[in-house]
Amino acid sequence: MTNATAAALIARSNRLGADPKNTNYAGGNTSAKGTDTDPVTGRPVELMWVKGSGGDLGTLKESGLAVLRLDRMRALVDVYPGIEREDEMVAAFDYCLHGKGGAAPSIDTAMHGLVDAAHVDHLHPDSGIAIATAADGEALTSTIFGDKVVWVPWRRPGFQLGLDIAEIKKQNPQAIGTILGGHGITAWGDTSEDAEANSLWIIDTAAAYIAEHGKAQPFGEVRSGFEALAAAERKERAAALAGTIRGIASTDRPMVGHFTDADEVLDFLASEKAPALAALGTSCPDHFLRTKVKPLILDLPVTASVDEQIARLHELHEQYRADYQAYYDAHATSESPAIRGADPLIVLVPGVGMFSYGANKQTARVAGEFYVNAINVMRGAEALSTYSPISDAEKFRIEYWALEEAKLQRMPKPKSHQGRIAFVTGAASGIGKAIATRLAAEGACVVIADLDLEKARAAAAELGNTDVAIGVAANVADADAVQAALNEAVLAFGGVDLVVNNAGLSLSKPLLETTEKDWDLQHDVMAKGSFLVSKAAARVLIDQKLGGDIIYISSKNSVFAGPNNIAYSATKADQAHQVRLLAVELGEYGIRVNGINPDGVVRGSGIFASGWGANRAATYGVAEEDLGQFYANRTILKREVVPENVADAVYVLTGPELSRTTGLHIPVDSGVAAAFLR
């Protein structure tokens, strides 16, 4: 059963973390001190529960808490070797832990354990950081809060900062918290309710003061030609630029992207101060660890063409990489971790919006959210004073901190398809759904494209939230609809890496009963549809310069002359030859094109359920419910083929093991000798 003190802490943390005005995602930490029964002695023991490393306040659970014995925690003061060796104290926290399980203690544990208060909150609110990053933040702190809140000059989080704040509280018994220069706030209270109320009072008081006393235009005048484009136009422009920008952000390692055209971003980018402020970079460690020290900002007006913007982005990228290398070289020591890549994680395009990047969609989205936080911070600081973030030297000490490096090294090994973005047509059911499910399970972001939007969205929801999969409408026979679906994909995830042409239907008729309408429908959906999807996707794949995969779900019938099947088999043969043609044409861009020839996929198949199964059963003179076994019995392996078998083939073809394979068709038919490829 959860300790009452811990339960109250979790509830307080969830309330604070649920409101973005209080703190950013996974930012800040909270703690509570109390007693519990020591299972060894049976006597009460003083403990501290504190949010562990890497957790998020809004979703904090008991498993996300580190639990430490207070007597041992306080005894660390006696063995503290000084600020030059304070990183060693993080390992010492492990010797203070109580019980088994729980989260790893974070670097801020000392702040919570050494401060003489039962309940402590450390948060990163935009309003608080605005004061913390103002050039005259110390004077503003006194003006805004009186003696209830004390200014603490910037110090890197760690044991010494915990000692400093403990001393500040001791010397200022009237105080309820601090403004941490360049960083955030810390508040405390005798009860959980007091600590929460004090945190909110600091946050709300700072926000109210900025609103009442701040300048009307903290970012200055609007720059002519840099105003926001109309909504539809900026979405179209963003989609046109997305492939290029993702390629820029992925020069050192592949990244997933996120796009936002929030008002805060567009207003900032239109302002005269935007270039200079962006160049100063972010200040709060949580911000720049997610966003890098500064963004790449395009310096062209919205009247520039797409081609002009792309050319300039490439120039700016070269400059950005050189600047980042110079930043690393200027501050690195022989003990610093190796440079982690010199590409931007935030790319700002005036009039259009912000592109943010990360190893997965959640990380990319959160990076964008953090930069919006940074914009809000800059606005608040400029409204009252001048934005003055911590120095590049201090940023480097955080970014390339040995403790941060150790945290990165502890992260689990990525799955085979992590960082890849898959676009699967006809994926709301059957083979397509099985493919989407397998790719998502292997770490890919998945776009489920289907003629039925509601079914596409429902299938996507089964795979997870929108950081994992989205559903889009896609009539693959319509070029405009295909482009619109691809645009949604690149704006949702930054680009596309893996395309599966799976959408299809079938009409089983002999030649004399096959109408021109039947023929056109089959070819429009599969032959033309695959062509349109591949063409639209190839533009993005080429722009990204990351290679990629295009997979065609063809059929055994592409090489096997089955009875009463002229339209379907002919269009499947068309698809099969598209594989060969595109493999040759797109190979110079590192794009692999391969095909899969399934047969007899009856269970779970949308095509068979729509009447095709009944027709084929009648053709072969068997009951429809026996059709799957009929197909299996005529194969070499005598095993039925199911959608997951096709998904397995897609996984193998698009994984690392067959990276030198293109132009190949893999049969997934349990062995049909008449369909052997020659």
Side-chain angles (χ1 to χ4, degrees), residues 425-426 428-434 450-451 475-477 501-531 552-580 595-643 645-646 649 665-678:
T425 67
S429 62
I431 291 173
K433 186 176 182 180
D450 200 273
L451 191 61
N475 177 0
V476 296
N501 282 307
N502 170 74
L505 76 163
S506 183
L507 303 170
S508 175
K509 294 182 181 180
L511 172 64
L512 297 182
E513 295 178 17
T514 300
T515 66
E516 184 178 350
K517 182 179 179 182
D518 294 335
W519 179 271
D520 287 344
L521 178 60
Q522 294 271 268
H523 282 72
D524 280 351
V525 172
M526 292 185 285
K528 178 183 173 183
S530 296
F531 155 72
Y552 280 67
I553 306 301
S554 184
S555 170
K556 171 216 63 175
N557 288 338
S558 66
V559 294
F560 173 76
N564 302 336
N565 206 6
I566 178 65
Y568 178 81
S569 295
T571 196
K572 284 299 180 182
D574 185 317
Q575 284 186 307
H577 201 47
Q578 284 186 40
V579 168
R580 304 180 186 99
I596 296 170
N597 289 348
D599 183 50
V601 184
V602 177
R603 279 192 283 158
S605 168
I607 287 179
F608 276 90
S610 64
W612 169 258
N615 285 334
R616 300 317 289 165
T619 297
Y620 294 117
V622 299
E624 185 176 357
E625 60 269 22
D626 297 329
L627 186 60
Q629 191 57 50
F630 169 80
Y631 282 131
N633 289 340
R634 71 182 187 180
T635 68
I636 295 169
L637 298 177
K638 302 295 188 291
R639 300 180 68 184
E640 186 176 357
V641 179
V642 295
N645 301 138
V646 184
H665 279 277
I666 294 182
V668 182
D669 57 10
S670 282
V672 178
F676 281 177
L677 298 171
R678 295 175 177 84

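- Between Val579 and His665 there is a side-chain heavy-atom pair separated by less than 4.5 Å.
- From Ile566, atom CD1 reaches atom OG of Ser508 across 12.0 Å, with rounding to the nearest 0.5 Å.
- Side-chain contact between Phe676 and Pro667 is absent, with no heavy-atom pair separated by less than 4.5 Å.
- Counting heavy atoms from C-beta on, the side chains of Phe531 and Val476 never come closer than 4.5 Å.
- Considering every non-hydrogen atom in both Gly504 and Val525, the closest pair reads CA-CG1, 3.9 Å.
- Under a 3.5 Å cut-off, the side chain of Asp450 and the backbone N or O of Ala428 do form a donor-acceptor pair.
- Taking CG from Asn564 and CG from Leu512, the interatomic distance works out to 10.0 Å, rounded to the nearest 0.5 Å.
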Going through the checks in order, is the side-chain contact (heavy atoms from CB on, under 4.5 Å) test met by Val668 and Asn597?
CA-CA 6 Å; Val668 182; Asn597 289 348; over 6 Å; no
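- Asp518 and Thr514 share no donor-acceptor pair across their side chains, judged by distance under 3.5 Å alone.
- Under 3.5 Å, the side chains of Ser530 and Gln575 contain a donor-acceptor pair of N or O atoms.
- Remark: side-chain polar atoms of Asn645 are paired, donor with acceptor, to backbone N or O of Val642 under 3.5 angstrom.
- In this structure, Val559 and Ala675 approach most closely via the heavy-atom pair CG2-O, 3.5 Å.
- One finds the OG atom of Ser569 at 4.0 Å from the CG atom of Asn557 (value rounded to the nearest 0.5 Å).
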Show, in sequence, the C-alpha distance, side-chain angles and deciding distance for Asn501 and Ile553, and conclude whether the side-chain contact (heavy atoms from CB on, under 4.5 Å) test is met.
CA-CA 6 Å; Asn501 282 307; Ile553 306 301; over 6 Å; no
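- Here the OG atom belonging to Ser558 is positioned 12.0 Å from the CD atom belonging to Gln578, to the nearest 0.5 angstrom.
- The side-chain heavy atoms of Arg634 and Tyr620, taken from C-beta on, include a pair separated by under 4.5 Å.
- Counting non-hydrogen atoms of neighbouring residues, nucleotides and ligands closer than 6.0 angstrom, the CD atom of Glu516 reaches no more than 12 such neighbours.
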Evaluate Tyr631 against Val602 for side-chain contact (heavy atoms from CB on, under 4.5 Å), listing each step before the verdict.
CA-CA 9 Å; Tyr631 282 131; Val602 177; 3.8 Å; yes
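- Lys509 has its side chain out of reach of Tyr568: every pair of non-hydrogen atoms, C-beta onward, lies at least 4.5 Å apart.
- With rounding to the nearest 0.5 angstrom, the CG atom of Leu677 is 10.0 Å from the CD1 atom of Ile666.
- Gln522 places no side-chain N or O within 3.5 Å of a backbone atom of Thr571 that could act as its donor or acceptor partner.
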Report the C-alpha separation of Thr635 and Arg639 in whole Å, then their side-chain angles, then the decisive distance to 0.1 Å, and conclude whether the side-chain contact (heavy atoms from CB on, under 4.5 Å) test is met.
CA-CA 7 Å; Thr635 68; Arg639 300 180 68 184; 5.7 Å; no
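- Applying the salt bridge (charged side-chain N to carboxylate O under 4.0 Å, His left out) test to every pair with at least one member in residues 552-573, sequence neighbours left out, gives these pairs: Lys556-Asp599.
- Distance check: Phe560 CZ to Asp669 CG gives 10.5 Å after rounding to the nearest 0.5 Å.
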